[in-house]
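First the structure, in the form of structure tokens, and then the observations on it.
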Amino acid sequence: MTDNTQAHEGEPAYRYNAKLAQSIEEKWQKTWDEQGTFWAANVKGDLTDGNGKNADGRTPYFAMDMFPYPSGKGLHVGHPLGYLATDVVSRYHRMKGENVLHAMGYDAFGLPAEQYAVQTGQHPRVTTEQNIANMSRQLHRMGLSFDNRRSFATIDPDYMRWTQWIFSRIYDAWYDPDFIRRDGGKGSARPISELVDKFKSGAKPIPGFEGRAWDELDARQQADVLNDFRLAYISKSPVNWCPGLGTVLANEEVTAEGRSERGNYPVFQRELRQWSMRITAYGHRLIEDLDTIDWPEKVKLMQRNWIGESHGAAVHFPVASQDGEQDMEVYTTRPDTLFGTTFAVVSPEHELLEHVPSAWPQGVPEAWKGGYATPKEAVHAYRLAAEAKTAKDRVDEGGEKTGLFTGLYATNPITGKQLPIFTADYVLMDYGTGAIMAVPGGDQRDYDFAVKFGLPVIYTVKPLPGSNDDLANYEGKAPFVSHDGIVINSATDATFSKGDGLSLDGLRVDEAIDKVIGWLEAAGVGKGTVSYRLRDWLFSRQRYWGEPFPIVYDEDEVPHLLPDSMLPINLPDVPDYSPKTFDPQDAESNPEAPLSRNEDWVNITLDLGDGPKQYHRDTNTMPNWAGSCWYYMRYIDPKDAEHMVETDEFNYWMGPHHNKTAGESGGVDLYIGGVEHAVLHLLYSRFWHKVLYDLGFVSSSEPFHKLFNQGMIQAYAYTDDRGQYVPADEVEEGPAGPDGEPTFTWHGQHANREFGKMGKSLKNIVTPDYMYENYGADTFRLYEMSMGPLDESRPWNTRNVIGGMRFLQRLWRNVVDENTGEVKVSDDPMDEKTLKLLNNTIADVTVEMENMRPNTAIAKLIVLNNHLTGLKSTPRAAVEPLILMLSPIAPHICEELWNRLGHAESLAHEPWPKADERYVGQDTVTAVVQIKGKIRAKLEVSPDIAPEELQKMALEAVADRLGGKEPRKVIVKAPKIVSIVPAQ
RNA sequence: GCCCCCUUGGCGGAAUUGGUAGACGCAGUGGACUUAAAAUCCAUCGCCUUCGGGCUUGCGGGUUCGAGUCCCGCAGGGGGCACCA
């Protein structure tokens, strides 16, 4: 590729080229730093603006990026797109006179730093801090308008202290479903002490110890009871264990194939004692409150689906066993199909399996026994087999059902019919109740199972006449689920032995569901319930590079929370930072936390208020989502040693209605980042924020009021005919071949083009440094902002960058004489045409900026600049607003021109230009005359022409086409369109 | 399998509530300037055409005076979830 951006021989001395751009950019970056140009002003204290002033009632605007992980790999041009967008918005809001909080931190705990440390033998802190310094330099060179006093990293002890403090608050809280919140809603996190008070007073029975007084329980028993209520608790249910990574993982970090998202290792379900967070308690609020925030519908939908709230019924089925009558509770979203249930299935982990009989009942088909002599043996073997399976194995079975009869029978509470109970791994223990009533007539999975084990199929629902449902399925063998169908009982009469007056005959499905639930509740055998797909959040990891838990255990393994005064709990040195990993298939391996390798740190003597005692520390660390859960608040004052965030400052920056757009939810005004965090970071963060809201530490119910997902920058990559990647910047494009596709060559060889990501291995990386070197940061910013809509992905094409450079050159030339460096603007009044164009441009660009469409804003600025280029001399009164409007996008060149035009102050806080309404709009507009939608004439008319007059002109203009006949219909939309329907 | 989104010139992309499709930029073509080249400036630039016009927003229908925009069906591409009862 020819490089035509460097200085050329004989080029004018003051031409705006890459070299001049670099010197201008570095000069202004230095000036901005020295003058505190981008400092945001807090309500009080020493975080003032650059003039030493506090907020003083100025409107706050908080714009934020998803902070980066400081990787050592360096940036490519795809990374900073979101940062540039946020910066443009921030600069625009500053010019609107708002007090803008815009800063950048680093999400610095995590795996890559740890791996790098293992390789180099250095402490992860050393390499992480180097990476932060390097990344910070690269971002600074882009001209991002951060308040650099507010930067921090999640690994800073000052920050980690508050991460641990928040954990402590969550640990020390429970979810009181009856508590009325200050926003009027029901259900709230409350201090665990309130629960203890309820136990003490007898207001709430103690689960497992009903009728006993709280003080009669020993410490171990009390701890166990409270653990079942705490919002951060030690989980005893199966967790995702990944031997290949040597750590347990959250559900969100496990793929559908049952593998780790990072590293793609198998994941096994194991019962391990691990920290978990009760995010499920917030399932409903996390869905409901999506209505209060301004997020992309796509992300809201992903969160709704992830939480997966479903409404149904819990129904109790009595089960006779040798140990007495057992209760099997099933969850169903279709209680209307209770008449069609022909068997029941429990998950292999289900408690009911403790009660299976020691011999098969009479007449059980051999296929149900799986070749085992007794139900006990069968169930035991099946449970072991299920445990050893990964989710991947289950998927590989491709829906093929496995299972066994348990020897038990349940009684259908409506029909009184006896149903055989099976166990099968298609029923999951951690969804619903771990037990289902199988309705093979209405569910594909149940149907498959019924076919395999020769179980009866009953249809209870039939389609409405004229519905879209597939009648063939209903009449035939396959399961049939109708959504607008009616429930009938004529087909199922024979199966009733007890109807108790309940008839669903002729009802729509939704009506039938309501009626059944009513019947179940009245009969005391079931009730309407809500179920969630969302699971509690597994919160501990067996890693070195993360936040330690502020928890110690006494000799009886009773956990104790360390007092806030002992925070932060810093990471100890250990002989080896690497995780203990295992054969990826070794499901029986056990996690080993690296922190346990420093026994001097683990074992401590502490006085927790009852004299010095021996304790050992929790050796897990928090997942790296912990630090990113609350960092937005810390920008408000990262050095605050007294609070996580101070109340007045929080209310000013993030409280409900802190500015016009914040709404009742409050939160960060604009949060820009990738859509890949839709259900991880963004869900966890909302959860923590709501807990802190419930406990009264923050006044906003949501962390981020407006979310924006920037698109990805994609890139072409090229391979030679052997399929090896060749450097993209050495490939030349030839003319289009006969198929219309251009041909590509690399050093004379044929090359193939493919389209995808930018990456080192694809040999198509373009770095910001390359852009600074060849074009300057302003051209780089301008190009990224002009490529297309911010929320869409688009291909990088270095060849197109030159267009932006030419625009800046022309602007420069309109102000500065290229040969002498003299400013050459005119102070004479501008002509009418320029005046109109200027004011229309101001009006249009303002709208584009408000709607975050820099691409179209840029197009309009180019039009104005091209017009100025054609004038004999550039009017100052036109070029100054142009410079101001361009400055959020290309700030350095604009500062330089502004300065050369005689302004001593930075333009960063200069008021955004305001259009003079007298000059907005057109002198004449082109009205089109359509006949049956085809344009037949164009008329130049006044914008406020009367419709009657326009109609008259239009009819005259196309009179010859109408052949003298009166048109059948004429639609006039003055001043733009006249649409004529001619007579037949 | 279920759910969501996208599809406009050679390319990136513009187009209020349905109202002149192709703003702006890249590439291309012709010209000016120059010894020459670069840079710069001017013009041109969807397709077809018998020069009247006709066609054109992935494909096929529909609603409408009028559809890139709304509705139905299909194709291609991308994303999310996936034995969730």
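Throughout, protein chains are lettered first and strands after them, A, B, ... in sequence-line order, and every chain is numbered starting at 1. No experiment lies behind these values; they were computed from the predicted model shown. No hydrogens, no waters, no symmetry mates; every other heavy atom, side chains included, goes into these values.
In this structure, A:Thr869 reaches neither bases nor backbone, as no heavy-atom distance under 4.0 Å exists between it and the strands shown. A:Asn855 comes within 4.0 angstrom of sugar-phosphate atoms only, judged by non-hydrogen atoms across all strands, and of no base. Across all strands shown, A:Ser793 has heavy atoms under 4.0 Å from sugar-phosphate atoms exclusively, and none from any base. Residue A:Lys298 is in sugar-phosphate contact alone, with no base atom involved, counting any heavy-atom pair closer than 4.0 Å across all strands shown. Within the nucleic acid shown, A:Arg533 comes within 4.0 Å of at least one base atom, counting heavy atoms only. A:Lys860 comes within 4.0 angstrom of nothing in the nucleic acid, heavy atoms only.
When the C1' atom of B:A14 is taken as reference, atom CZ of A:Arg853 falls 11 Å away, rounded to whole Å. Atom NZ of A:Lys934 is separated from atom P of B:G19 by 17 Å (rounded to the nearest Å). Atom pair A:Glu818:CD and B:C41:C1' shows a separation of 12 Å (rounding to whole Å applied). Between A:Asp443 atom CG and B:C2 atom P there is a gap of 15 Å when expressed in whole angstrom units. In this entry the distance linking NZ of A:Lys452 with P of B:C83 reads 17 Å, nearest Å. If you measure from atom CG of A:Leu808 to atom P of B:U40, you get 13 Å, rounded to the nearest angstrom. Straight-line distance from the CG atom of A:Leu864 to the P atom of B:C24: 13 Å, rounded to whole Å. When the C1' atom of B:U16 is taken as reference, atom CG of A:Asn851 falls 11 Å away, rounded to whole Å.
As the counterpart of B:C24, B:G12 is assigned, both hydrogen-bonding distances of the Watson-Crick or G-U wobble pattern falling under 3.5 Å. Across all strands shown, B:G30 forms a Watson-Crick or G-U wobble pair with B:C42, both key distances being under 3.5 Å. Applying the Watson-Crick and G-U wobble criteria (two distances, each under 3.5 Å), B:G60 pairs with B:C72. The pairing partner recorded for B:C2 is B:G80, the criterion being a Watson-Crick or G-U wobble arrangement whose two distances lie under 3.5 angstrom. Base pairing of B:C65: its partner is B:G19, meeting the Watson-Crick or G-U wobble criterion (both donor-acceptor distances under 3.5 Å).
B:G79 adopts an anti glycosidic conformation, its chi angle falling more than 90° from 0. Base orientation for B:G28: anti, the chi torsion being more than 90° from 0.
Side chain of A:Ile971, nearest nucleotide from B:G25, B:G19, B:A21: B:G19. Candidate nucleotides B:C83, B:G12, B:G25 were compared by shortest atom distance to the side chain of A:Asn866, and B:G25 ranks first. Relative to the side chain of A:Asp425, the nucleotides B:C83, B:C26, B:A85 differ in distance, and B:C83 lies closest. Comparing B:A85, B:G13, B:A27 against the side chain of A:Pro789 picks out B:G13 as the nearest. Relative to the side chain of A:Tyr331, the nucleotides B:A85, B:A14, B:U20 differ in distance, and B:A85 lies closest. Of the candidate nucleotides B:G19, B:U20, B:G13, B:G13 has the atom nearest to the side chain of A:Pro795. Of the candidate nucleotides B:C26, B:U20, B:A82, B:C26 has the atom nearest to the side chain of A:Ile802. In this structure, of B:G19, B:C65, B:A85, it is B:A85 that holds the atom nearest to the side chain of A:Thr332. Set against B:G25, B:A14, B:C65, the side chain of A:Thr856 has B:A14 as its closest nucleotide. Out of B:A27, B:C83, B:G19, the shortest distance to the side chain of A:Ser979 is found at B:G19.
The gap from the P atom of B:C11 to that of B:G61 amounts to 25 Å, rounded to the nearest Å. Spacing between B:C6 and B:U17 at atom P, rounded to whole Å, works out to 15 Å. Taking atom C1' on both nucleotides, B:U57 is separated from B:C2 by 31 Å, rounded to a whole Å. Annotation: B:G77 and B:U8 have their P atoms spaced 14 Å apart (nearest Å). B:G58 sits 22 Å from B:G54 when the P atoms are compared, rounded to a whole Å. Nucleotides B:C72 and B:G19 are separated by 24 Å at their C1' atoms, to the nearest Å. When the C1' atom is used for both B:C45 and B:C26, the distance is 13 Å, rounded to whole Å. The separation of B:A32 from B:A38, taken at their P atoms, amounts to 14 Å, rounded to a whole angstrom.
Of the side-chain N and O atoms in A:Arg806, one or more sit less than 4.0 angstrom from OP1 or OP2 of B:U40. Proximity of A:Arg304 to the phosphate of B:C4: no side-chain N or O atom is located under 4.0 Å from OP1 or OP2. Between A:Gln444 and B:C83 there is no side-chain N or O to OP1 or OP2 distance below 4.0 Å. Within the 4.0 Å cut-off from OP1 or OP2 of B:A85, at least one side-chain nitrogen or oxygen of A:Ser310 is found.
Residues A:Tyr716 and A:Trp796 place their aromatic rings such that the two centres sit no closer than 6.0 Å.
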- Pair A:Arg383-A:Glu349, salt bridge (Lys or Arg N to Asp or Glu O under 4.0 Å): steps then yes or no: CA-CA 7 Å; A:Arg383 185 179 266 191; A:Glu349 298 87 16; over 6 Å; no
Chi angles and distances behind the salt bridge (Lys or Arg N to Asp or Glu O under 4.0 Å) call for A:Glu400, A:Lys452
CA-CA 9 Å; A:Glu400 179 67 23; A:Lys452 181 153 178 178; 3.3 Å; yes
Open item on the list: Under the criterion side chain to side chain contact (heavy atoms under 4.5 Å, CB included), I'd like the reasoning laid out for A:Asn800 against A:Asn797: C-alpha separation, chi angles, the key distance, then a yes or no.
Closed with: CA-CA 6 Å; A:Asn800 291 357; A:Asn797 209 333; 4.0 Å; yes
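Residues forming a side-chain contact (heavy atoms from CB on, under 4.5 Å) with A:Thr924 (at least two apart in sequence, or on another chain): A:Glu940.
Taking for each of A:Met437 and A:Trp306 the nucleotide of RNA chain B with the nearest heavy atom, the 5'-most of the two is the partner of A:Trp306. Each of A:Arg936 and A:Leu301 lies near RNA chain B, and the nucleotide nearest A:Leu301 is the one positioned closer to the 5' end.
A cation-pi arrangement, defined by a distance under 6.0 Å to the six-membered ring centre and an angle within 45 degrees of its axis, is absent between A:Arg15 and A:Trp812.
A:Tyr431 OH: more than 12 foreign heavy atoms inside a 6.0 Å radius.
The aromatic rings of A:Phe343 and A:Phe422 stand perpendicular to each other, their planes meeting at an angle above 60°, with 30° marking the opposite boundary.
Side-chain contact check for A:Ile517 versus A:Lys527: every heavy-atom pair is 4.5 Å or farther apart.
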